[in-house]
Amino acid sequence: MPGCFKKTLFALSSIISFASFILIVVAMGTPKWMTGKILCKTAADLVNATDPELVKFIGEIYYGLFRGGKIRQCGLGGRRSKFTIFPHMVKKLNTGLHVMIIIFLCVAIFFSLVSFGFCILNAIKVPYRAINGPAGACLWNFLAGGFVVLAVTSFMAAVKLHHLTERIANFRENVFRFIILEECFEDCFWICVASATAHAVNLLLIAISEIHFPKIKTKTEEVNVTAEDIMY
């Protein structure tokens, strides 16, 4: 049986792994990875809008991995619309990169659950095989965190290098053209970053659990029995 200190650390690691699993699932299902402000450039150029008047042509956009929405401001008031990434819009995006982000997160979900199971196992007993012990728990946490990092990095690449927001804003816009004035990573993106951080914390906890602290030994005083003591 593992010691009390080791049990506590692995129990805490299992909670963190399960929390990471929940965080990734919530992030994938929420359409708030990115928000931004979009300028309807075509309409603004038609009326030669100056700085004070540009406010009438600035709308908003938000999106996640599967859906999103935007407010078009082209001089006639705001028009709200919602869209889904699959199955139509993904053809206009970098399909391979977008699908890889989703796959990375799905794999991270799987490894988070495996990590949760291994941490529970190590909290209950000391496994006979090394791969089932702390080494295995470290491996699954490293893989889970690594795949989350890959997903986050890929999403940043899609936004910054492949102009994801601009492509989404101009999807099926035949008359007006929108340009991006401002982009901001939202809560769901940072939730994934928190998930990767959680697995890094788990690696630290597992490493601490393997530290063998020296035991404090108390010296026993030697009792000298003399002949006089026996007499009394």
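This one's a predicted model, so the numbers in the text were calculated from it and none came from an experiment.
Counting heavy atoms from C-beta on, the side chains of Met89 and Phe83 come closer than 4.5 Å.
The two residues Leu65 and Ile85 come nearest to each other via the heavy atoms O-CG1, 3.6 Å. Closest approach of Gly136 and Phe118 over heavy atoms only: C-CD2, 4.1 Å. Of all the heavy atoms in Asn170 and Phe178, the pair that sits closest is OD1-N, 2.8 Å. Of all heavy-atom pairs spanning Ala169 and Ile180, the tightest one is CB-CD1, 4.3 Å. Heavy-atom minimum distance, Leu105 versus Cys192: CD2-SG, 4.1 Å. The heavy-atom pair separating Ile38 from Ile61 by the smallest distance is CG2-CG2, 3.8 Å.
Every salt bridge (Lys or Arg N to Asp or Glu O under 4.0 Å) that Glu183 has, sequence neighbours left out, goes to Lys160. Legend: residues meeting side-chain hydrogen bond (donor to acceptor under 3.5 Å, both in side chains) with Ser154, ordered by chain and number and at least two apart, are absent. Annotation: salt bridge (Lys or Arg N to Asp or Glu O under 4.0 Å) contacts of Asp45 (sequence neighbours excluded): Lys41. For Ile191, the side chain to side chain contact (heavy atoms under 4.5 Å, CB included) partners two or more places apart in sequence, or in a different chain, are Leu23, Ala27. Scanning for salt bridge (Lys or Arg N to Asp or Glu O under 4.0 Å) contacts around Glu166 gives Arg177, with sequence neighbours left out. Evaluation of the side-chain hydrogen bond (donor to acceptor under 3.5 Å, both in side chains) rule for Ser115 yields Ser17, Asn141 as partners, not counting sequence neighbours. For Thr84, the side chain to side chain contact (heavy atoms under 4.5 Å, CB included) criterion is met by Arg67, not counting sequence neighbours. Under the side chain to side chain contact (heavy atoms under 4.5 Å, CB included) criterion, His162 pairs with Asn94, Leu97, sequence neighbours left out. For the salt bridge (Lys or Arg N to Asp or Glu O under 4.0 Å) test, no residue two or more places apart in sequence or in another chain qualifies with Lys56.
The main-chain N or O of Cys119 is never found under 3.5 Å from a side-chain atom of Ser14 such that the two would form a donor-acceptor pair.
Through side-chain heavy atoms spaced under 4.5 Å, either directly or across other Ile, Leu, Val, Met, Phe, Trp or Tyr residues, Ile206 is tied to Phe10.
Salt bridge annotation for Glu173-Lys70: present, with a cationic side-chain nitrogen under 4.0 angstrom from a carboxylate oxygen.
A continuous path of ILVMFWY side-chain contacts below 4.5 Å connects Ile102 to Val26, so both sit in one hydrophobic cluster.
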| task | Determine, stepwise, if the pair Tyr63 / Thr165 fulfils side-chain hydrogen bond (donor to acceptor under 3.5 Å, both in side chains). | result | CA-CA 8 Å; Tyr63 60 90; Thr165 308; 2.6 Å; yes
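Taking the ring centre of Phe171 as origin, the terminal cationic atom of Lys92 falls outside the region bounded by 6.0 Å and 45° from the ring axis.
Judged as a ring-ring contact (aromatic ring centres under 6.0 Å, His included), the pairs with a partner in residues 19-45 (not counting sequence neighbours) are, in order, Phe18-Phe21, Trp33-Phe155. Judged as a side-chain hydrogen bond (donor to acceptor under 3.5 Å, both in side chains), the pairs with a partner in residues 187-196 (not counting sequence neighbours) are, in order, Ser20-Ser195.
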